[in-house]
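All chains are named by letter (A, B, ...) in the order of the sequence lines, taking the proteins before the strands, and each is independently numbered beginning at 1.
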There are 2 protein chains.
Amino acid sequence: MPSTIRDVAKKAKVGIATVSRVLNNSPAVSDETRQRVLNAIDELNYKPNLIARQLSIGKTQTIGVILPYLTLPSYVERLRGIQSVLDESNYDLILFVAEIPSKRDTFFEKLADKSRADGLIIISLPPTDEQAERFIHENQPVVLVDAYHSRLSSIIVNDIQGGRLATKHLIELGHKKIAYISDYLNTPFYPSMQYRYKGYRKALEEEKIPYYQKYHLQGDRGRFYAQQMTRQLLNLKDPPTAIFAASDTHAIGALDVAQEVGIKVPDELSVIGYDGIRDAEYVNLTTIEQNLFESGVESASMLLTMLREKPSDVYKAELSIKLVIRNTTAPPPNPDNHNL
Amino acid sequence: MPSTIRDVAKKAKVGIATVSRVLNNSPAVSDETRQRVLNAIDELNYKPNLIARQLSIGKTQTIGVILPYLTLPSYVERLRGIQSVLDESNYDLILFVAEIPSKRDTFFEKLADKSRADGLIIISLPPTDEQAERFIHENQPVVLVDAYHSRLSSIIVNDIQGGRLATKHLIELGHKKIAYISDYLNTPFYPSMQYRYKGYRKALEEEKIPYYQKYHLQGDRGRFYAQQMTRQLLNLKDPPTAIFAASDTHAIGALDVAQEVGIKVPDELSVIGYDGIRDAEYVNLTTIEQNLFESGVESASMLLTMLREKPSDVYKAELSIKLVIRNTTAPPPNPDNHNL
DNA sequence: TTTACTAATGGAACCGGTTCCATGTGCGTA
DNA sequence: TACGCACATGGAACCGGTTCCATTAGTAAA
């Protein structure tokens, strides 16, 4: 029913190759012929068939994005960044949400070859060596965000550094009883939680602050479980004076509980988050800000560059982080712990 | 480089048609032949080319989703619902975010014909008559969510009813000074805000509560502007005793300000939201809950049904809403306004 | 005037699947 | 024994673009 390039060619009394040239802005067409073709296109209300074009040139003009969750704002922020770049390009975005680990493997498999997407952006889902090998073998360009593999390009944040920075901030304020709450550290998703934890341990060690097992809690993902962990911490005989939450979502859960039980933040309890989601600003949360939106922008730009230039090496970029001090951290309540 | 159906045919010593039959589980292949083909596929590590298939059958196996923002949780929730259904189907999801109105038109135009997607789900972006006509003419299946057009299928919420319900709840608690805050009502996005407002007016009228212009504020989208509007309301000489916020995001902004200026919710000020996003539960917000995730599920299911059954009529579904009473609404402070 | 080169153009092959249609084989039935 | 039919199967055409290559015309150089 819809008209094809051959209809246009017939109407304009030219060959199909010429129509194709006009469509692709080839200079090798005379102005007069071009105009005839354009008129014919107009009259027939012709729209080129994208699929046919894709088959012919062997590209999908599509970028696949794979991420673990849509429920957490940090992923959505990254996605927004990606989307904003792709929107300016000729690439469409297909979205895959791998809420359970088996999906991740399915998606990796499904997208390994180029038949669905010309390239992939993978957020917080580190591929196995075997999977990475597959991408390389199939020549499928991949950019990892918040995940790392030596053979693939990536945009990462120095989470050890970030964890250290957050913990140091609390130590400098005079805290000694510093808790760390996070997702389960051994999940395949969100490996950065582990690095943040390493940074936490490192800072404690450097500053000769003892580490207490009881101040280190892990739980299921999300604000609700962060609340539970916080309750547990605050119920200790010797509760922490500060909580380093491995994500802003965790931190907000901690703030919920503080408010609920009437503990004043930051006077009685300091809370520092990590990520820099929008809500962090709203609740005035001190946090380690990694520019999430920017990480999406960077990853998409990197991938587009790779598609354009087909580099033989992988790209590695590290995004900067910064400590943003707001109103949820302060020196601990008992003055004998203060710095001078 | 990758092997094709002809390679497989050669290896298995069969015709290409037979290979195709095996790929498509046609019963018209003998077990023995089928096995030979499967072995060949295995040996060659053959993967069918999706694009070629799409061109051949004239379908993209892709659903386009167009939504205005990724910044607000309500859209993301709907998207999640859509995603969860599509994930179980053979359809991929291409995402288009129309942050500015001109993008909306571009996307509508780009996706009007079937060359990029077999069907569309459009969230909160009502098409013009002309655009709707275009979809119909191109035979492009469309499901609108939180938007309405008589000639297109849609999943809507009775927002007038919802606005009425919220307002009545406040009135029944004894409030007479009830404010309404929302986005600008005349934006092309999020037309439901208007209906909620109508419901608000209707309830006031029915209960013979006077409407005051000063209690009706509009502003830019988002929590921040909701905060501003709330400050403005609370600074009135005769401030409202209750605020009906047109979205939970607005309501949360209102709660921020109440806390900031030390006004107790719900004792001194009642706040009711609308939507039922996750955060509403966290902050214990009384709200009109429309099942956002469910609306996504429903729209995707509807679209898949349409693709399967090619109905001549449009589908219209209305999702139910319910009042969820939590801890942000209570009778107004001065007792003389109470019900008996 | 012939030759050489460039510019504009058309036809055919190709991308890798699906599917229509023709062919061959084996079996039951008249 | 001949006929008809169902079942497997293969070949070719097709989907609608892109592109290689050949052809023609026009112009500058020899």
Side-chain angles (χ1 to χ4, degrees), chain A residues 1-41 44-62 90 110 113-118 138-139, chain B residues 1-41 44-62 90 110 113-118 138-139:
Chain A
M1 194 59 186
S3 44
T4 74
I5 201 169
R6 284 160 233 266
D7 300 331
V8 175
K10 192 167 294 172
K11 180 131 207 158
K13 299 200 197 319
V14 297
I16 52 168
T18 301
V19 178
S20 179
R21 286 187 193 101
V22 171
L23 291 173
N24 293 288
N25 290 314
S26 157
V29 182
S30 73
D31 287 352
E32 189 243 326
T33 308
R34 181 183 306 275
Q35 201 49 56
R36 270 218 320 287
V37 172
L38 289 175
N39 289 342
I41 286 176
L44 293 171
N45 192 21
Y46 165 76
K47 288 284 209 86
N49 178 311
L50 219 115
I51 306 281
R53 170 155 219 278
Q54 291 173 354
L55 175 60
S56 194
I57 65 178
K59 296 193 188 322
T60 63
Q61 298 283 89
T62 297
N90 293 318
K110 174 165 156 181
D113 68 285
K114 310 185 81 101
S115 77
R116 289 200 183 223
D118 292 348
E138 298 275 359
N139 215 17
Chain B
M1 193 59 185
S3 44
T4 75
I5 202 169
R6 284 160 233 265
D7 300 331
V8 174
K10 193 168 293 172
K11 180 130 206 158
K13 301 201 198 316
V14 298
I16 52 168
T18 301
V19 178
S20 179
R21 286 186 193 101
V22 171
L23 291 174
N24 292 288
N25 291 315
S26 157
V29 183
S30 72
D31 287 352
E32 189 244 326
T33 308
R34 179 183 307 276
Q35 200 50 55
R36 268 216 324 286
V37 172
L38 289 175
N39 289 343
I41 286 176
L44 293 171
N45 193 21
Y46 165 76
K47 288 285 211 86
N49 179 312
L50 219 116
I51 306 280
R53 169 156 220 279
Q54 291 173 355
L55 175 60
S56 194
I57 65 178
K59 297 194 188 319
T60 63
Q61 298 282 91
T62 297
N90 294 318
K110 175 165 157 181
D113 67 286
K114 310 185 80 100
S115 77
R116 290 201 181 221
D118 292 347
E138 298 275 359
N139 215 17

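Contacts of T4(B) classified as side-chain hydrogen bond (donor to acceptor under 3.5 Å, both in side chains), with partners at least two apart in sequence or in another chain: none. Listed by chain and residue number, D92(A) satisfy the salt bridge (Lys or Arg N to Asp or Glu O under 4.0 Å) test with K110(B) (two or more places apart in sequence, or in another chain). Partners of R34(A) under the side-chain hydrogen bond (donor to acceptor under 3.5 Å, both in side chains) rule, at least two apart in sequence or in another chain, do not exist in this structure. Remark: S56(A) pairs with no residue by the side-chain hydrogen bond (donor to acceptor under 3.5 Å, both in side chains) rule, at least two apart or across chains. Not counting sequence neighbours, the partners of L55(B) by the side chain to side chain contact (heavy atoms under 4.5 Å, CB included) test are I51(A), A52(A), L55(A). For D113(A), the side-chain hydrogen bond (donor to acceptor under 3.5 Å, both in side chains) partners two or more places apart in sequence, or in a different chain, are S115(A).
Rounded to an integer number of Å, the gap from CZ of R6(B) to P of dG16(C) is 9 Å. For the pair Y46(A) OH and dG16(D) C1', the interatomic distance rounds to 7 Å; values are reported in whole Å. The CG-C1' distance, from L55(B) to dC14(D), rounds to 9 Å in whole Å. Separating the CD1 atom of I51(A) from the P atom of dT18(D) is a distance of 13 Å, rounded to the nearest angstrom. Rounded to whole angstrom, the span from the CD1 atom of I41(A) across to the C1' atom of dG17(D) amounts to 13 Å. Atoms NZ (K10(B)) and P (dG10(D)) sit 14 Å apart, rounded to a whole Å. In this structure, NZ of K114(A) is placed 14 Å from P of dG16(C), rounded to the nearest angstrom. To the nearest angstrom, P of dA12(C) lies 16 Å from CD1 of I5(A).
Residue pairs meeting the salt bridge (charged side-chain N to carboxylate O under 4.0 Å, His left out) criterion with at least one partner in residues 16-33 of chain B, sequence neighbours excluded, are E32(B)-R36(B). For residues 3-14 of chain B, the salt bridge (charged side-chain N to carboxylate O under 4.0 Å, His left out) pairs, not counting sequence neighbours, are K11(B)-E43(B).
Contact of the R53(A) side chain with the I57(A) side chain is registered, since non-hydrogen atoms from C-beta on lie closer than 4.5 Å. Side-chain contact between S20(B) and I5(B): present, with at least one pair of heavy atoms (C-beta onward) separated by less than 4.5 Å. The shortest distance between side-chain heavy atoms of I41(A) and L23(A) falls below 4.5 Å.
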Collect all protein-nucleotide pairs involving nucleotides 19-28 of chain D in which both atoms are nitrogen or oxygen and the distance is under 3.5 Å.
none

Please tabulate, one pair per line, each protein N/O and nucleotide N/O from nucleotides 26-28 of chain C that are separated by under 3.5 Å, including the distance.
none

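Of the residues in residues 28-35 of chain A, those with a non-hydrogen atom less than 4.0 angstrom from any atom of DNA chain C are A28(A), V29(A), S30(A), T33(A).
Within the 4.0 angstrom heavy-atom criterion, only backbone atoms of the sugar-phosphate kind lie near K13(B); the bases stay farther away.
A pairwise comparison of heavy atoms in T18(A) and V29(A) identifies CG2-CG1, 4.3 Å as the closest pair.
The end-to-end axis angle of the helix from dT1(C)-dA30(D) to dA30(C)-dT1(D), rounded to 10 degrees and based on five pairs per end, is 60°.
Rounded to the nearest 0.5 angstrom, Q54(B) CD and K114(B) NZ are separated by 13.5 Å.
A donor-acceptor contact shorter than 3.5 Å is absent between the side chain of D118(B) and the backbone of K59(B).
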